[in-house]
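Scroll down for the structure; my scribbles are underneath it.
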Amino acid sequence: MWKSGKLEVGWGFAATVVLALLAGAGGVLPLVLLSALCHELGHLGALHLAGAEVERLRLTAFGAEIQADTRYLPYPKEILCTLAGPAVNLVLALVFSRGAGDYVLAGANLLLGAFNLLPIPSLDGGRALYLLTSWWADPGTADQLCRRVGLGCALGLTALALALTLWHGAGLFLLLGALGTLLPQLPRGRGERRRQGQHKLT
């Protein structure tokens, strides 16, 4: 793992990039990375405006993770910080498709934004669902709901990606992403999401 200040780059991230190049995705890889950069800048900008301290930005095999101290943010602000990344991607998708006519870059932003809005705990959509449910009910109820919804979505996404990979020879990178959402659904202690001091935004 390579570290510089608050930035960490894991070997898994480098391996994923190399795998993408070997698979012939070199033409779209820069666009995907640019879309991901805009996504994370959306999160970072929102966290800065909300006054939350960013403790670490980590690049992993399954994408980027921002660890920030959001313990003292009210629920509405934390929800906005969580949804800022996908929102930036969706706005850029509209701008590039309607304004610049760059449908490839628009598609990369659209897919990244939509994927991160899935209600899976390791994604922004799952985190937003947890925060909304905690706000309206309580963290225990939110934890149980998000585990069930997230597991169902992750299993469905993994099955779809596996089918595309086996039957059509496509979907390998979707399968890797799906597995990245499924693995965190393994059993662990409950009620630990809200006040640990470090919360992740993807």
Side-chain angles (χ1 to χ4, degrees), residues 1-44 54 56-67 82 84-97 100-127 150-186 200-202:
M1 179 180 292
W2 178 81
K3 296 182 180 180
S4 177
K6 296 182 179 181
L7 176 64
E8 293 183 2
V9 181
W11 293 112
F13 176 78
T16 301
V17 171
V18 171
L19 181 61
L21 293 174
L22 293 176
V28 298
L29 183 60
L31 302 181
V32 173
L33 293 177
L34 179 60
S35 300
L37 174 62
C38 294
H39 179 100
E40 301 307 328
L41 288 176
H43 284 310
L44 292 171
V54 175
R56 182 176 298 119
L57 171 60
R58 177 182 298 156
L59 303 182
T60 71
F62 301 112
E65 295 178 352
I66 297 174
Q67 292 186 345
T82 300
V88 167
N89 288 132
L90 295 179
V91 169
L92 288 177
L94 182 62
V95 170
F96 285 122
S97 62
D102 190 334
Y103 296 104
V104 177
L105 190 53
N109 277 280
L110 178 61
L111 288 175
L112 184 61
F115 179 78
N116 273 279
L117 286 176
L118 292 175
I120 298 174
S122 56
L123 300 177
D124 296 325
R127 178 66 184 168
L151 181 59
C153 288
L155 285 172
L157 184 63
T158 302
L160 174 62
L162 184 60
L164 290 174
T165 302
L166 294 178
W167 295 338
H168 301 289
L172 176 59
F173 292 103
L174 177 60
L175 179 59
L176 292 175
L179 289 174
T181 65
L182 181 60
L183 293 178
Q185 311 307 315
L186 297 177
K200 296 179 180 179
L201 296 88
T202 58

Query raised in the report: Going by the ring-ring contact (aromatic ring centres under 6.0 Å, His included) test, which pairs reach into residues 8-37, not counting sequence neighbours?
Result: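 Applying ring-ring contact (aromatic ring centres under 6.0 Å, His included) to every pair that reaches into residues 8-37, excluding sequence neighbours, yields nothing.
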Query raised in the report: According to the ring-ring contact (aromatic ring centres under 6.0 Å, His included) rule, which pairs have a member within residues 16-41, sequence neighbours left out?
Result: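 Applying ring-ring contact (aromatic ring centres under 6.0 Å, His included) to every pair that reaches into residues 16-41, excluding sequence neighbours, yields His39-His43.
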Give every donor-acceptor pair under 3.5 Å between a side-chain atom in residues 22-34 and any protein atom, sequence neighbours left out.
none

Check: [Y] and [X] side chains under 4.5 Å, non-hydrogen atoms:
X: Ile120; Y: Leu151; answer: no
X: Val104; Y: Phe96; answer: no
X: Leu123; Y: Leu117; answer: no

**Report entry** Of all pairs that satisfy side-chain hydrogen bond (donor to acceptor under 3.5 Å, both in side chains), the ones with a partner from residues 20-30, not counting sequence neighbours
**Finding:**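 Residue pairs passing side-chain hydrogen bond (donor to acceptor under 3.5 Å, both in side chains), neighbours aside: none found.
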Query raised in the report: What side-chain hydrogen bond (donor to acceptor under 3.5 Å, both in side chains) pairs are there with at least one residue in residues 20-30, not counting sequence neighbours?
Result: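 Every pair satisfying side-chain hydrogen bond (donor to acceptor under 3.5 Å, both in side chains) with a residue in residues 20-30: there are none.
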**Report entry** Euclidean distance, Ile66 CD1 relative to Arg56 CZ, rounded to 0.5 Å
**Finding:**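 The distance works out to 12.5 Å.
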Report task. Drop me the distance from Gln67's CD to Lys6's NZ, to the nearest 0.5 angstrom. Result ->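 Taking CD in Gln67 and NZ in Lys6, the distance rounds to 12.0 Å.
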Query raised in the report: Does atom NZ of Lys3 have more than 12 heavy-atom neighbours from other groups under 6.0 Å away?
Result: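 It does not: Lys3 NZ has 12 such atoms or fewer within range.
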Query raised in the report: Looking only at heavy atoms, which two atoms of Gly150 and Pro121 are closest? And how far apart?
Result: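 Closest heavy-atom pair between Gly150 and Pro121: CA-CD, 3.5 Å.
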Requested in this report: Please report the closest heavy-atom contact between Ala161 and Thr165, naming both atoms and the distance.
Outcome: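 Closest pair (atom of Ala161, atom of Thr165, distance): O-OG1, 2.8 Å.
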Query - Side chain Thr181, main chain Ala154, donor-acceptor under 3.5 Å - result: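 Looks like no, no N/O pair under 3.5 Å.
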Distance-only donor-acceptor pairs under 3.5 Å for side chains of residues 106-116, two or more places apart:
residue, atom, partner, partner atom, Å
Asn109, OD1, Asn89, ND2, 2.9
Asn109, ND2, Ser35, OG, 3.2
Asn109, ND2, Leu105, O, 3.0
Asn116, OD1, Thr202, OG1, 3.1
Asn116, ND2, Leu112, O, 3.0

Query - side chain to side chain contact (heavy atoms under 4.5 Å, CB included) evaluation trace for Leu118 with Leu157 - result: CA-CA 10 Å; Leu118 292 175; Leu157 184 63; 4.0 Å; yes
